[in-house]
Amino acid sequence: MADLGDLADPLVVVALRWADARARVDPLTGEVGTDPRGAGPGEADRCALEHGLRIAGATGARCAAVTLAPPPAEEMLRDALACGADEVLRVDVAPEDPRLPDSGAATARALARSIRAELGDPGLLLTGDHSADRGTGATPAFLAAELGCAQALGLVELSLVDGRLAGLRRLDRGRRERLAIPVPAVCSVEPAGVRLRRAGLPGTLRAREAVIPAIPAIPVASGQTGAEPPSVRAARPYRPRAKELPAPQGDDPRLRLLRLTGAHEEREPPRVVVTEDPAEAADELLAFLRDRGYLP
Amino acid sequence: MRDRAGPAAEAVTVRRPEAADFDAVVVGAGPAGSAAALELARAGHSVALVERGPFPGSKNVYGGVVYGRILDELIPDWYERMPVQRWITRRQTMLLSGDRSLTVDFRSQNWGRAPYNGATTYRAEFDSWLAGHARAAGAVLVPSTVATALLRTADGQVVGVRTDRPDGDLTARVVIACDGVNSFLGKQAGLHPDEQAAHTTLGVKETLALPRETIEERFGVTGTDGVDIEILGGTSGVPGGGFLYTNRDTVSVGLVLGLPGLAKAGLRPEEILAELKQHPSVRPLVRGAEVVEYSAHLIPEGGYRSMPRLGGNGLLLAGDSAAMCLAAGIWLEGVNFALGSGMYAGRAAANGLRSGGPAVLGEYRRLLEKSFVLADHKKLRDAPGLVLSERVQHRYPGLVCDLAEGMFTVDNPRPKPGLRRLLRRAARHNGVRMRELARDALTGLRSFG
Ligand SMILES: Cc1cc2nc3c(=O)[nH]c(=O)nc-3n(C[C@H](O)[C@H](O)[C@H](O)COP(=O)(O)OP(=O)(O)OC[C@H]3O[C@@H](n4cnc5c(N)ncnc54)[C@H](O)[C@@H]3O)c2cc1C
């Protein structure tokens with residue numbers, strides 16, 4: 001298994017998703033209103049950048065931050081430069097195709113082609129696990145497919161052990177999985193474990209003046225842009241379907257109503273667990289979680 | 001571990017730098033800061049504009065109306081490019097007493113065409129737009145960065161600021177503090193008088209969403225025309241006032257409350273605002289609206305008499321940090337005074353830098369005195385005291401409403417009472433002595449006349 005440092009010109013790329021996490025959706029028309037001033041990378045993307053900077057620093061690799069986004073995303077790339085990225089690249093979204101970044105497959109294709117053409121083949125490509133605007137988390141998997149490399153997705157830890165990439169991933173029922181990650185690889189990280197460093201003032205000042213390179217997204221053949229974006233066919237107020245409940249039995253209308261609320265049903269009353277021994281309290285909690293099926 | 005530092009209590013002593021990083025550092029990208037940076041950059045000086053928010057305007061709160069005439073000097077044809085919500089073509093002054101009200105309503109379509117008068121605009125948009133002009137002229141905007149302390153030499157000369165970033169010292173030949181009402185930098189320099197709370201009010205505001213057509217119907221305007229309503233009374237007895245402004249799809253309703261009075265009343269500002277929204281003259285205007293934002297911010301309302309020293313030793317204060325906001329009852333103008341003072345601070349600093357001398361403060365003061373900024377403040381120096389006085393706040397609204405009610409109540413078979421009799425009756429009923437009324441009228445005339 002190769003180390004990142006063994007590669008000829010080791011390159012760590014961090015792909016950042018530029019999103020407005022507080023976008024407004026008109027409940028009647030479905031129209032999405034965003035404010036570019038409030039947009040930026042999500043917390044997971046910020047963690048990905050920190051991992052990228054640390055790993056590049058430790059292995060002597062170049063670190064590049066890349067985004068597929070319109071011009072206002074320059075600010076996000078300036079911040080990446082200020083934090084220590086060696087280079088940045090903005091892949092422009094054509095005005096006639098503003099929803100391109102909403103398709104994971106098309107985004108991955110556009111990014112992979114642009115990265116290869118402009119920066120070279122990355123030894124490690126990092127992303128956040130989900131975009132901040134409710135993404136599916138599929139883009140990193142598509143990126144791995146496009147670049148033909150290994151993938152380790154949804155990591156809570158990523159580090160270098162003896163020069164090799166090692167990751168930790170959450171599994172169901174509280175289990176963890178340790179991964180030895182070969183390069184080249186695409187890794188996506190959860191917003192956990194690390195925090196993006198605060199950029200120093202000299203770097204910030206340099207980044208404010210930097211020219212941010214931008215290239216148009218390399219066009220992909222029609223039919224390859226992934227799923228069509230959803231379109232609004234009818235605009236109506238949101239009215240969830242009524243839930244059917246069996247009519248409660250009984251003569252007294254008050255009791256029938258109460259029965260509907262479930263107020264008189266038998267249930268295990270809540271208990272306050274107070275024990276002197278922390279171990280006992282922990283046992284109590286574990287037993288509860290086991291009882292409810294959260295633990296094996 | 002803290003990764004964002006709050007302001008340090010004291011300035012930091014450093015050696016005089018051999019070469020400064022910038023000709024000037026401007027702290028705060030509000031209207032004052034951006035105007036100062038724009039003026040300096042246009043004069044060919046290197047300038048850093050340090051802003052603690054992620055973008056200019058992200059941290060700022062105000063009511064909603066900008067009177068942009070001073071922008072003629074900074075950005076010609078500003079009115080064709082400024083991000084405007086509505087142009088104010090209708091101004092009302094509303095006096096509230098109990099559930100009664102008396103409104104003076106003025107409308108001018110002249111204000112709805114170039115060169116316009118005032119406009120409602122959102123601060124996130126306005127401040128970003130103005131800072132964009134400063135950047136385009138060459139200023140370096142440094143966002144998400146807090147200036148935490150002044151850098152001073154042992155002999156007291158200000159030579160830059162310390163920021164909360166690693167390696168965060170920024171040196172400059174002149175520092176302009178436009179850091180708003182709390183101006184920690186001004187306080188570090190010992191420029192602010194002590195009893196600041198007494199001259200400070202708390203502004204609270206709700207932005208309420210309403211369909212555009214509803215706003216136009218309720219406020220009697222169309223297209224891009226808008227309304228500015230200043231309110232006296234309706235503050236649950238706390239000295240202050242209120243306002244109601246129209247934007248395109250929202251209205252801003254808010255209060256300005258004197259801090260000592262608010263503390264004494266033991267009321268919560270949002271409760272007083274909820275009460276104002278229930279007033280029979282206000283409720284129909286805001287009924288059914290959805291609250292999309294609640295914000296609060298301090299305002300330096302003391303005017304001329306409470307202004308700090310305006311700088312010294314390489315430091316200048318402008319805008320709210322120099323208490324330049326004009327609050328005189330029918331006027332609440334802070335942004336234009338911030339723009340003006342920022343612009344003159346920038347101009348004085350640029351002239352000082354060009355001549356290589358430190359005589360910046362004297363020129364700054366001269367420029368302010370020659371312009372509306374200090375001329376208006378000087379003329380209206382007694383207005384804040386008068387407007388926040390017990391009589392104007394509590395007794396006169398009642399007196400005026402009694403007078404109007406007496407005039408318009410048809411009390412047949414009794415004959416109509418004369419105005420003089422009504423005035424005497426209303427004065428007595430509201431505990432106003434005719435002598436006090438005459439004296440206040442004279443003060444008012446001297447200030448506003
Ligand atoms: C509720 C309310 C209603 C108002 N209504 C109106 C109105 O309708 N019309 C009007 O003209 N005026 C109004 N005003 C007054 C007006 O908002 C102010 O007078 C004006 O904003 C002052 O501008 P400024 O640039 O001096 O300060 P600010 O607008 O306060 O800007 C100061 C800037 O400095 C930044 N800053 C502060 N400290 C630091 C630091 N240490 N480091 C870096 N950056 C820092 C802040 O983030 C901010 O961007 C109102 C005020 C309030 C509170």
Side-chain angles (χ1 to χ4, degrees), chain A residues 16 18-29 31 33-43 45-47 49-50 53 57 71-84 132 193-212 235 237-238, chain B residues 1-5 21-22 25 29 37 46-51 53-60 83 122-129 131-132 134-135 138-148 151 160-172 209 211 248-250 290 292-293:
Chain A
L16 299 170
W18 183 76
D20 179 359
R22 296 194 305 171
R24 298 169 311 280
V25 182
D26 187 313
L28 288 183
T29 62
E31 196 184 310
T34 55
D35 180 355
R37 281 182 304 256
E43 207 44 53
D45 292 41
R46 293 164 64 81
C47 289
L49 180 57
E50 179 60 34
L53 292 168
E74 274 194 359
E75 288 299 312
M76 176 177 78
L77 296 180
R78 276 185 209 288
D79 290 344
L81 277 178
C83 285
V194 296
R195 219 172 151 192
L196 181 59
R197 65 197 63 186
R198 180 120 172 95
L201 188 64
T204 303
L205 291 174
R206 271 196 307 278
R208 302 306 302 167
E209 303 287 87
V211 176
I212 305 294
Y238 174 61
Chain B
M1 193 189 69
R2 276 161 51 144
D3 66 353
R4 296 278 159 97
D21 298 321
F22 286 89
V25 170
S46 64
V47 43
L49 178 57
V50 180
E51 167 55 45
F55 59 87
S58 56
K59 292 268 179 193
N60 301 35
Y122 292 137
R123 286 296 292 274
E125 291 177 2
F126 178 78
D127 289 19
S128 292
W129 170 77
R135 276 182 82 178
V140 178
L141 174 68
V142 193
S144 302
T145 305
V146 184
T148 54
L151 301 179
V161 292
R162 174 157 290 177
T163 71
D164 66 336
R165 289 192 177 272
D167 296 326
D169 285 0
L170 199 53
T171 56
R248 233 176 283 139
D249 306 300
T250 60
E290 184 198 347
V292 289
E293 188 185 288

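Computed from a prediction, not measured in an experiment: that's the story for all the values here. Per chain, numbering begins at 1; letters A, B, ... match sequence-line order.
- Between the side chain of B:R165 and the backbone N or O of A:A199 there is at least one donor-acceptor pair closer than 3.5 Å.
- For the atom pair CG of A:L201 and OG1 of B:T163, the computed distance is 4.5 Å after rounding to the nearest 0.5 Å.
- Top candidate by heavy-atom pairs under 4.5 Å with chain A, chosen from B:D21, B:V142, B:V140, is B:V140.
- Residues of residues 202-210 of chain A lying within less than 4.5 angstrom of chain B, judged on heavy atoms, are A:P202, A:T204, A:L205, A:R208, A:E209 in numerical order.
- Taking the salt bridge (charged side-chain N to carboxylate O under 4.0 Å, His left out) definition, one finds that A:E74 meets it with A:R78, sequence neighbours left out.
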Q) Are A:E75 and B:R135 close enough, and set up right, to give a salt bridge (Lys or Arg N to Asp or Glu O under 4.0 Å), and what steps lead you there? A) CA-CA 14 Å; A:E75 288 299 312; B:R135 276 182 82 178; 3.6 Å; yes

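- With chain A as the partner, the residue from B:A48, B:S58, B:S128 showing the most heavy-atom pairs under 4.5 Å is B:S128.
- For A:D35, the salt bridge (charged side-chain N to carboxylate O under 4.0 Å, His left out) criterion is met by A:R37, not counting sequence neighbours.
- By number of non-hydrogen pairs under 4.5 angstrom with chain A, the leading residue of B:D169, B:L141, B:T145 is B:L141.
- Contacts of A:E43 classified as salt bridge (charged side-chain N to carboxylate O under 4.0 Å, His left out), with partners at least two apart in sequence or in another chain: A:R46.
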